[in-house]
Amino acid sequence: MSTFKVLVTDYTYDTLAPEKEVLEAVDAELITAQCRTEDDVIEAAQGVDGIISQYAPISEKVIQSLDHCKVIARYGVGFDTIDVKAATEKGIIVSNVTDYCAEEVSNHAFALLLASARKIVQLHESVQAGKWDAKIMKPVYRMSEQTLGLVGFGNIPQMLAEKAQAFGLDIIAYDPFASQEVAESMGVRIVELDELCRESDFISVHPPLNEHTKGMLSDDQFKMMKKEAFIINTSRGPVIDESALIKALQSGEIAGAGLDVLETEPISRDNPLLEMDNVILNPHSAFFSVESEIELKRKTAQNVSNVLSGNNPVYLVNQELKRS
């Protein structure tokens, strides 16, 4: 019989072999479920020592039902599906993986930016429809004379800034927690959000989702933006007020959007965004590569392994519970 039991509440992966390999080293048995609701998680998590979760809700109700759990590890950077406050009050360590997909997401954000700037999708669809007319892309502007505004200035937007600078874009950023020294060393100017909205030709959104960032880009911000501006989101859908975005696109307040994430996923078939030819939609895929998935799975399991072994996870969310 194994020393520990670890539940994977839900997953979309083809295999859990990397997790099993890591956890077997500390004599932990991996059990699996496909939980969708709080009650599903409560039922599956009875008696477990650790939880690994992808999208299942790990709410206060769930956490209060956990009698033996020492760690909740999320597959991913964001942890908005976990009630961290409730976990901390119960002494349960919460972990994430902050660095597994920085290359992929920064590449994906820039791909959406380039596709928007050069009207790649519209041109492709036009040719498919039997037309051969480059004029449909007008207006298009020279990128080396434009500005990219980064909402957030952590690892991913910093990587994006370096890639965008190679194309001649001027970079500004809004982040109350950004290091001025780091920004200056990269040639990036830190500004207030209103200034970023007014000056940017492209806005790429990167903050984590929390009570302070939910809906931080809404009607007031869209009204400040240039009519030629495109907004790119590879972070979390609810950071942008989607109804305000739809209105801004419909009224021509902004030129378009490249969205890998939405307020509700999957997107509903009656969402007006689906009918807009100036919007590029992807199914929350920016994080993915073969390598990033393996890295995420191993690092998530290692977080659990560390805690079960009496150590701190490499990626500790609730620092109050850090073991000395």
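Values below: every heavy atom of this structure, side chains too, minus hydrogens, waters and symmetry copies.
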So do [Y] and [X] actually touch side chain to side chain, heavy atoms under 4.5 Å?
{"X": "Leu308", "Y": "Val6", "value": "yes"}
{"X": "Tyr141", "Y": "Asp201", "value": "no"}
{"X": "Arg323", "Y": "Ile93", "value": "yes"}
{"X": "Leu148", "Y": "Leu160", "value": "yes"}
{"X": "Val304", "Y": "Glu19", "value": "no"}
{"X": "His108", "Y": "Asn282", "value": "yes"}
{"X": "Leu113", "Y": "Phe167", "value": "no"}

More than 12 heavy atoms from other groups under 6.0 Å of [atom1] on [X]:
{"X": "Lys5", "atom1": "NZ", "answer": "no"}
{"X": "Arg118", "atom1": "CZ", "answer": "no"}
{"X": "Glu228", "atom1": "CD", "answer": "yes"}
{"X": "Asn311", "atom1": "CG", "answer": "yes"}

Mind jotting down which residue pairs meet the salt bridge (charged side-chain N to carboxylate O under 4.0 Å, His left out) criterion with at least one end in [range]? Sequence neighbours excluded, please.
{"range": "residues 67-80", "value": "Asp49-Lys70, Asp80-Arg236"}
{"range": "residues 120-135", "value": "Asp133-Lys135"}
{"range": "residues 256-281", "value": "none"}
{"range": "residues 170-196", "value": "Arg189-Glu195, Arg189-Glu199"}

Quick one: side chain to side chain contact (heavy atoms under 4.5 Å, CB included) partners of [X], sequence neighbours excluded?
{"X": "Val127", "result": "Trp132"}
{"X": "Pro272", "result": "Ile246, Gln250, Met276"}
{"X": "Glu253", "result": "Phe222, Lys223, Ala248, Ser251"}
{"X": "Ala102", "result": "Ile156, Met159"}

Taking 4.0 angstrom as the limit, do [X] and [Y] come out as a salt bridge?
{"X": "Lys297", "Y": "Glu293", "answer": "no"}
{"X": "Lys85", "Y": "Glu60", "answer": "no"}
{"X": "Asp83", "Y": "Lys61", "answer": "no"}

Task: Distance-only polar pair, side chains of Ser243 and Asp241, donor-acceptor under 3.5 Å - done: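 There is such a pair between these side chains.
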
Open item on the list: Under a 3.5 Å cutoff, is there a donor and acceptor pairing between the side chains of Ser289 and Glu104?
Closed with: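 A donor-acceptor contact under 3.5 Å links the two side chains.
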
TODO: Please work out whether the ring planes of Tyr75 and Tyr13 are parallel, tilted or perpendicular, with thresholds of 30° and 60°.
DONE: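 Ring orientation, 0 to 90° scale: perpendicular.
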
- [ ] Identify the heavy atoms of Thr213 and Pro207 that sit nearest to each other, and give their distance.
- [x]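 Thr213 and Pro207 have their closest heavy atoms at CG2-CB, 4.0 Å.
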
- [ ] Quick one: closest heavy-atom pair of Ser116 and Ile232, and the distance?
- [x]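 Heavy atoms only, the tightest pair is OG-CD1, 4.0 Å.
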
Restricting to side chain to side chain donor-acceptor pair (under 3.5 Å), what partner residues turn up for [X], sequence neighbours left out?
{"X": "Thr12", "value": "Gln54"}
{"X": "Lys214", "value": "none"}
{"X": "Ser95", "value": "Asn303"}

- [ ] Please determine which of Leu217, Ile254, Asn233 meets the side-chain contact (heavy atoms from CB on, under 4.5 Å) test together with Leu245.
- [x]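 Going through the options one by one, the only one that passes is Ile254.
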
Distance-only donor-acceptor hits, side chain of residues 22-35, under 3.5 Å, sequence neighbours excluded:
unit_1	atom_1	unit_2	atom_2	d
Asp27	OD2	Thr3	N	3.0
Asp27	OD2	Thr3	OG1	2.6
Gln34	OE1	Tyr11	N	3.1
Gln34	NE2	Tyr11	O	2.9

